[in-house]
Amino acid sequence: MKLLTFAKTELHNLFSKPATRLYPQEPRVYPERTRGHVENDMDVCVFCGLCSKKCPTGAIIVDRAAKTWSIKRFSCIQCGYCVASCPKKCISMRPDYTQPAGEKSTETFTQAPKDDQSAS
Amino acid sequence: MSKRSIVPFGPHHPVLPEPIHLDLVLEDEKVVEAVPSIGFIHRGLEKLVEKKDFNEYVYVAERICGICSFMHGMGYCEAVEHVMGVEIPPRAKYLRTIWCEMSRLHSHLMWLGLLADAFGFESLFMQSWRMREKILDMFEASTGGRVIFSVNKIGGEMKDMDGDMLKGFLKILNEIEKELRELSKTFLDNKAVNSRLQGVGFLTKQQAHDLGTVGPFMRASGIDRDTRNMGYAAYSDIDFETITSNAGDSYARTEVRIKELFQSIDIIRQAVEKIPSGEIAVPVKGFPDGEYFMRVEQPRGEAVYYVKGNGTKFLDRVRVRTPTFANLPGMLETLKGSQLADVPILILTIDPCISCTER
Ligand code: SF4
Ligand code: SF4
């Protein structure tokens with residue numbers, strides 16, 4: 001049994017930089033794998049609805065007729081199951097988080113009419 | 001003769017991050033009996049298996065607990081894989097082993113911090129959690145999450161760790177090991193710390209056996225049992241010895257956990273050395289039909305997963321026996337005869353996880 005076992009740690013602590021980050025002056029850099037939010041490349045999506053069927057929380061709503069893809073940001077648990085099951089690989093997980101909000105909203109994305117289709 | 005009185009302890013108490021209630025029957029300052037009541041945070045996760053298909057349930061299983069989330073997901077996946085007769089690729093097994101041990105590291109470091117907090121050594125608490133932070137950063141870099149990892153799936157893993165990442169992790173672990181060696185002196189040799197831990201909360205080997213305790217709590221009472229020896233994931237290829245202590249008091253539990261931290265670092269080193277290359281998942285077809293008991297060693301002890309499938313995409317039943325649930329009777333035994341001031345530490349020494357217990 002000894003006394004002063006903590007002294008070395010204490011001294012080291014005195015003369016080293018803080019372990020914490022000076023947030024928000026020094027922004028947090030997320031690793032690329034961080035599961036922050038889901039994004040869909042609307043130009044590629046074919047509205048098959050697989051992502052919405054697989055989502056464990058029912059956060060995605062796909063409307064094939066209106067060509068819209070909506071996501072309830074506050075229902076999504078960032079599990080990545082939709083990303084893994086999309087046949088077109090158009091959904092991706094992005095490292096940054098969505099903004100906090102006072103209300104649970106649904107974000108809707110609409111596919112722009114495709115030029116090549118209207119031309120042919 | 002001293003008068004008996006009852007002091008309610010919890011459900012909200014500074015030492016408990018989660019709610020559990022104890023009625024402490026006291027004679028002066030001495031605890032004669034402790035009557036527990038649980039059920040404050042029951043969430044019905046086992047019932048949910050009837051609503052989520054067996055693939056989606058992986059994400060529910062990992063949410064049983066925020067600390068062992070990886071092992072809960074893995075335990076469930078391995079159970080279903082056994083039912084379906086799926087053999088996962090060797091690389092996936094090693095990845096599971098590495099993540100398991102990282103979970104143990106961060107869980108035990110967290111526990112050390114909470115213990116220091118319980119006896120009022122705030123800077124020791126901060127130092128433990130500072131170290132734990134590095135492990136969480138490693139988790140975020142490799143899985144994309146700090147608490148919920150979502151890398152397990154039936155049939156393997158969703159994410160891989162390449163050689164550079166593993167090498168980087170080993171470097172961080174070397175640093176952690178050095179700091180830990182320094183910090184463990186305070187936990188194990190410091191006079192003030194020892195006076196709170198040594199000689200309190202005895203549990204004999206016989207009691208530990210009879211009351212069905214598990215994990216470090218059991219091993220600190222001298223029972224040599226570790227579910228990792230059954231060789232799930234890649235543990236069968238890895239060299240390690242079960243860590244036990246014969247003292248059976250709070251100090252022994254601290255000692256066992258600290259030694260397990262070094263052991264975990266060593267297991268990760270071995271796994272990184274031996275990890276084979278190749279696929280990380282196999283495609284899974286069909287639905288589970290049959291039942292299986294899967295046992296895994298979590299940081300808090302042995303957890304049991306029972307899975308019963310009926311050939312459809314919804315399972316009939318999932319049952320999880322978590323380590324804290326098994327340790328509660330042992331904890332009540334250690335409380336008997338203790339001083340009221342020691343109760344918070346004694347509760348803490350089983351590393352209680354109430355969310356797990358109640359699911
Ligand atoms: S699964 Fe992919 S292609 Fe299908 S609707 Fe969803 S995002 Fe579109
Ligand atoms: S990440 Fe998971 S919860 Fe979020 S939308 Fe995709 S499947 Fe649903």
Side-chain angles (χ1 to χ4, degrees), chain A residues 1-23 26-39 50-60 75-87 89 91-98, chain B residues 48 51-53 55-63 73 116 121 123-124 126-134 137-153 158-161 165 168 179-195 198 251 281:
Chain A
M1 237 185 256
K2 289 176 225 148
L3 292 166
L4 293 176
T5 46
F6 200 58
K8 198 171 160 196
T9 315
E10 222 157 56
L11 277 175
H12 180 256
N13 228 24
L14 265 179
F15 298 106
S16 59
K17 275 197 317 184
T20 46
R21 191 177 299 106
L22 207 64
Y23 189 83
E26 196 186 313
R28 167 88 158 94
V29 186
Y30 297 107
E32 63 179 306
R33 287 192 184 179
T34 299
R35 301 191 314 275
H37 75 280
V38 172
E39 238 175 60
L50 257 182
C51 52
S52 106
K53 217 179 277 165
K54 297 264 177 165
C55 175
T57 58
I60 302 178
S75 294
C76 173
I77 52 170
Q78 278 88 19
C79 64
Y81 198 23
C82 54
V83 179
S85 50
C86 172
K89 296 281 162 254
I91 312 188
S92 54
M93 192 63 85
R94 294 292 155 88
D96 40 337
Y97 295 97
T98 43
Chain B
L48 202 57
K51 294 267 164 54
K52 302 275 165 207
D53 78 41
N55 279 313
E56 282 172 358
Y57 195 76
V58 180
Y59 304 111
V60 180
E62 21 175 53
R63 281 165 175 79
F121 200 155
S123 53
L124 190 57
M126 296 283 178
Q127 293 293 340
S128 311
W129 281 43
R130 179 177 58 79
M131 261 188 252
R132 172 176 180 252
E133 197 57 31
K134 290 186 189 163
D137 284 345
M138 282 156 63
F139 264 123
E140 189 173 10
S142 58
T143 69
R146 290 163 55 86
V147 177
I148 301 290
F149 308 126
S150 297
V151 280
N152 279 308
K153 65 173 179 186
M158 306 238 259
K159 287 182 180 134
D160 199 354
M161 291 191 262
M165 186 182 269
E179 289 174 12
L180 195 63
R181 196 145 278 146
E182 190 53 43
L183 206 66
S184 61
K185 284 184 202 155
T186 311
F187 277 106
L188 299 177
D189 296 335
N190 188 292
K191 193 160 175 267
V193 173
N194 284 3
S195 62
Q198 263 170 353
Y251 180 83

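What you see is a predicted model; the values in this text were computed from it and never measured.
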Can I get a per-line list of side-chain donor-acceptor pairs under 3.5 Å for residues 77-85 of chain A, giving both atom names and the distance, sequence neighbours left out?
unit_1, atom_1, unit_2, atom_2, d
A/Q78, NE2, A/G36, O, 2.9
A/S85, OG, A/Y81, O, 2.8
A/S85, OG, A/C82, O, 3.4

- Query: Of the backbone (N, CA, C, O) and the side chain (C-beta and beyond), which part of B/Y57 lies under 4.5 Å from a heavy atom of chain A, both, or neither?
  - Reply: neither
- What residue in B/E133, B/R130, B/K52, B/K153 has the most heavy-atom pairs under 4.5 Å with chain A? B/K52
- Can you tell which part of B/M131 gets under 4.5 Å to a heavy atom of chain A, answering side chain, backbone, both or neither? neither
- By side chain to side chain contact (heavy atoms under 4.5 Å, CB included) - contacts of B/S128 (at least two apart): B/L112, B/L183, B/F187
- Taking the side chain from B/R146 and the backbone from A/T34, do they hold a donor-acceptor pair closer than 3.5 Å? no
- Query: Do you know which two heavy atoms are closest between A/Y30 and B/E140, and how far apart they sit?
  - Reply: CD2-OE2, 3.8 Å
- Message: Please classify the contact of B/M158 with chain A as side chain, backbone, both or neither, using a heavy-atom distance under 4.5 Å.
- Response: side chain
- Note on the structure: When every non-hydrogen atom of B/Q127 is compared with those of A/N13, the smallest separation belongs to NE2-ND2, 3.1 Å
- Message: Counting heavy-atom pairs closer than 4.5 Å to chain A, which one of B/G145, B/S150, B/S123 comes out on top?
- Response: B/S150
- Non-hydrogen side-chain atoms of A/R33 and B/M165 separated by less than 4.5 Å: yes
- Query: Closest heavy-atom contact between B/E56 and A/K54?
  - Reply: OE2-O, 3.0 Å
